[in-house]
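Only one structure is covered here, and it is reproduced in the block below.
A, B, ... follow the sequence lines: proteins, then strands. Residue 1 opens every chain.
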Amino acid sequence: MRRIKILEEKFFILLSGFMAYSLIAVLAFIILVIFVKGFNALSFDMILKIPKGGYYYGGEGGVLNAIAGSVYIAFGATLIAIAIGMPAALYINVQLVRYKRTQNTIRYFLDALWGIPSIVYGAFGFALMLFFGMNASLLAGIITVALLISPIMVRTFDEVLSTIPKGLHEASLALGSTRTETAFRVMFKQGFSGFITAILLSFGRGIGDAASVLFTAGYTDNIPVNLDEPAATLPLAIFFQLGSPIPEVRERAFASAVILTAIILAISLGARYLSKRYSRTNLK
Amino acid sequence: MQLKRLFIDKINGFWMITSLVTILCLPLIIGIGLYLKAEPLFGQQSFMSLVFSSQWAPSKGEFGFWPFIAGSLYVTLLSFLFTAPVCLLAAIYLTQFSSKQLIRIMHPVIDVLAGLPSVIYGVWGILIIVPFVSDFVAPFFGTTSSGYSILAGGIVLAVMCIPYILNMLIEVFNTVPSGLKEASLSMGATKWESVKHVVIRGNYPGIISAYGLGIAKAFGETIAVMMVVGNVVKVTANPLHAGYPLPALIANNYGEMLSIPMYDAALMFAAFLLLVIILAFNLIFRYLIHKTKRQ
């Protein structure tokens, strides 16, 4: 009996260990496939040029239009998300600090909001666009993505703010500062690492999301100059090029996928590094 | 001076609460917006026939969403079957048996997996999973398949859901008080037995909610699934056939939706349906998780 039990334990530890390690393998596999497949077609032209005539039939050019469009949209959306996400997160942790129940309820709703798929935001952005009589444009894309990433921004920033000891907050108030001063001079500084993580996470999400900009940002071969011009985005560039029957264009889709993956990896690892760096000087 | 500080405080307080209320009202605003856009459709067809009819002919004004809902359910179910055991076992290993070093490596791995855009998963699916299904799985069962199939969609979705579910399971398992486990160990149970009886059985609500949220996430995933699932309007029981999930329907047809009457209302109805289903899932299972966390 005892031996069977020990055998069972050994089996399950092995099995679960295998599952855990296989996740690392899966990630390595995905990244390897993307990089190996896309490396051939990757060139400086891809990154530095916009599509020339006949690009989608194998002609010259690159996907700079999509890279620029994606960065513009993610950047603009992140700015808007900071403007409404940062004060919201501070409010939860400064003004509402005495009301545990309200805090928890708000966090509960924000978490639920996080789960809404981006295609729904996309459809809503489209409805909003028609309502205001706008065309598919950079601005519409920015607003839709901003709606999508605001909950992420609030929740990530809030996660770090909520770990700040209450004593620090009380000490600031006891010295006679207003709640605003407490929020921005004490809490914001102390939670700065969380703020950086929140910004980078939202930015990464904004750059990689396709379903929300599909309806709202449109597509163009030029780099947008004004807010009312349509903008191409990197995920959509990959998607459209993959739909082409011409092998060269498909190769370029894989190369674009390498660019997008590299950007996301850089953001993800950068967020980790910066959050460690900025939490070093925190008061404990 | 004092007055200025108080004034700034007032303005800022207003800014803060406005942004918070705006964000919290977002689902309501989205819901109302989509509903208003979809409303013309309800005058033509009843809700039941919209959801359960399989007649899909937009040009004739017939909108039956059943093929798409069935496609979504099928893909989601398959992905859940693949991902559920993997996540449970991996979460158990990472919280109960693993070394500190592995956990340190796992954190960035999970982060990157969660951060990869769905287009990248789609590209990976086209490169690996689709050929795998058409060259190995279909011949194995003695049939042929183009590879662009419900099965391929399920596998890609399963991989996408892993970091999401795993993260929540780890969070849930970390809340188990170590005293409980120690009590079980001191009674002579093996480590695995304590895991089985204390960690798993004691956390049923948490595990179920993590799974529920994973299902909700899979249900709304768009681009990656759309790239590998084939997109054919048909109700089928064979996972090697192509399917057409609800989010893919919206994403594929935005171009022509303004040229056919009622088509835009139908697509907005699809988005509304997605929103309601997923929000309901999220509200229910998040509630369970919040409750277990507070204990």
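A heavy-atom distance below 4.5 Å is found between the side chains of V120(A) and L34(B). In this structure the side chain of P117(B) never reaches within 4.5 angstrom of the side chain of P235(A), judged on heavy atoms. Under the 4.5 Å side-chain criterion, counting only non-hydrogen atoms from C-beta, I278(B) is in contact with P117(A). Looking at heavy atoms from C-beta onward, I30(A) lies in side-chain contact with V159(B) at the 4.5 angstrom threshold. The side-chain heavy atoms of Y21(A) and Y93(B), taken from C-beta on, include a pair separated by under 4.5 Å. The closest side-chain heavy-atom distance from I126(B) to R250(A) is below 4.5 Å. Taking 4.5 Å as the limit, some side-chain heavy atom of L116(B) sits within range of a side-chain heavy atom of L27(A). L89(B) has its side chain out of reach of F18(A): every pair of non-hydrogen atoms, C-beta onward, lies at least 4.5 Å apart.
Neither the backbone nor the side chain of S98(B) comes within less than 4.5 Å of any heavy atom of chain A. Only the side chain of V154(A) comes within less than 4.5 Å of a heavy atom in chain B; its backbone stays farther off. Both the backbone and the side chain of I13(A) come within contact range of chain B, each with at least one heavy atom under 4.5 Å from a heavy atom of that chain. For L279(B), the part lying under 4.5 angstrom from a heavy atom of chain A is the side chain only. When heavy atoms are compared at a cutoff of 4.5 Å, K191(B) approaches chain A by way of both its backbone and its side chain. Heavy atoms closer than 4.5 Å to chain A are found in the side chain of L127(B), but not in its backbone. Only the side chain of L130(A) comes within less than 4.5 Å of a heavy atom of chain B; its backbone N, CA, C and O stay farther away. Neither the backbone nor the side chain of R205(A) comes within less than 4.5 Å of any heavy atom of chain B. The contact between I128(B) and chain A is made entirely by side chain atoms (from C-beta outward), counting heavy-atom distances below 4.5 Å. The contact between S268(A) and chain B is made entirely by side chain atoms (from C-beta outward), counting heavy-atom distances below 4.5 Å. Contact of A183(A) with chain B is made through the side chain alone, with heavy-atom distances under 4.5 Å. No part of F285(B) comes within reach of chain A, as not one of its non-hydrogen atoms sits under 4.5 angstrom from that chain. For V195(B), no part sits under 4.5 Å from any heavy atom of chain A, backbone or side chain. Residue F254(A) touches chain B through its side chain alone, counting heavy-atom pairs closer than 4.5 Å. If you measure heavy-atom distances from L214(A) to chain B, the contacts under 4.5 Å come from both the backbone and the side chain. Both the backbone and the side chain of L147(A) come within less than 4.5 Å of a heavy atom of chain B. For A216(B), no part lies under 4.5 angstrom from a heavy atom of chain A. Within the 4.5 angstrom heavy-atom criterion, only side-chain atoms of I264(A), from C-beta onward, approach chain B. Interface residue L94(B): only side-chain heavy atoms are found under 4.5 Å from chain A. Interface remark: L113(B) contributes backbone and side-chain atoms alike to the contact with chain A (heavy atom separation under 4.5 Å). Interface remark: L166(B) contributes side-chain atoms only to the contact with chain A (heavy atom separation under 4.5 Å).
V119(B) approaches A210(A) most closely through the heavy-atom pair CG2-CB, 3.8 Å. In terms of heavy atoms, S16(A) sits closest to F97(B) at OG-CD1, 4.3 Å. When all heavy atoms are compared, the tightest approach of W192(B) to E9(A) is N-OE2, 2.9 Å. The minimum heavy-atom distance linking D9(B) with R179(A) is given by the pair OD1-N, 3.8 Å. Contact detail for Y287(B) and Y108(A): the closest heavy-atom pair is N-CE1, 3.4 Å. In this structure, I250(B) and F215(A) approach most closely via the heavy-atom pair CG2-CZ, 3.4 Å.
Ranking L23(A), I92(A), L265(A) against chain B, the residue ahead of the rest is L23(A), based on heavy-atom pairs under 4.5 Å. Chain B forms the most heavy-atom pairs under 4.5 Å with one residue out of R107(A), R272(A), K5(A), and that residue is R272(A). In terms of heavy-atom pairs under 4.5 angstrom with chain A, the leader among I223(B), I30(B), L274(B), N282(B) is I30(B). The residue among M106(B), K217(B), Q96(B) with the most heavy atom pairs within less than 4.5 Å of chain A is M106(B). Of the listed residues (L24(B), I92(B), I8(B)), the greatest number of heavy-atom pairs within a distance under 4.5 Å of chain A belongs to L24(B). With chain A as the partner, the residue from L102(B), T22(B), D264(B), L267(B) showing the most heavy-atom pairs under 4.5 Å is L102(B). Of the residues considered (I106(A), I6(A), D209(A), L96(A)), I106(A) shows the highest number of contacts with chain B, using heavy-atom pairs under 4.5 Å. Ranking G31(B), P108(B), A189(B) against chain A, the residue ahead of the rest is P108(B), based on heavy-atom pairs under 4.5 Å. Chain B forms the most heavy-atom pairs under 4.5 Å with one residue out of L269(A), L242(A), L260(A), and that residue is L260(A).
Atom CG of residue L20(B) and atom CZ of residue F109(A) lie 12.0 Å apart, to the nearest 0.5 angstrom.
Between F184(A) and W15(B), the angle of the ring planes stays under 30°, which puts this pair in the parallel group of the 30/60° scheme.
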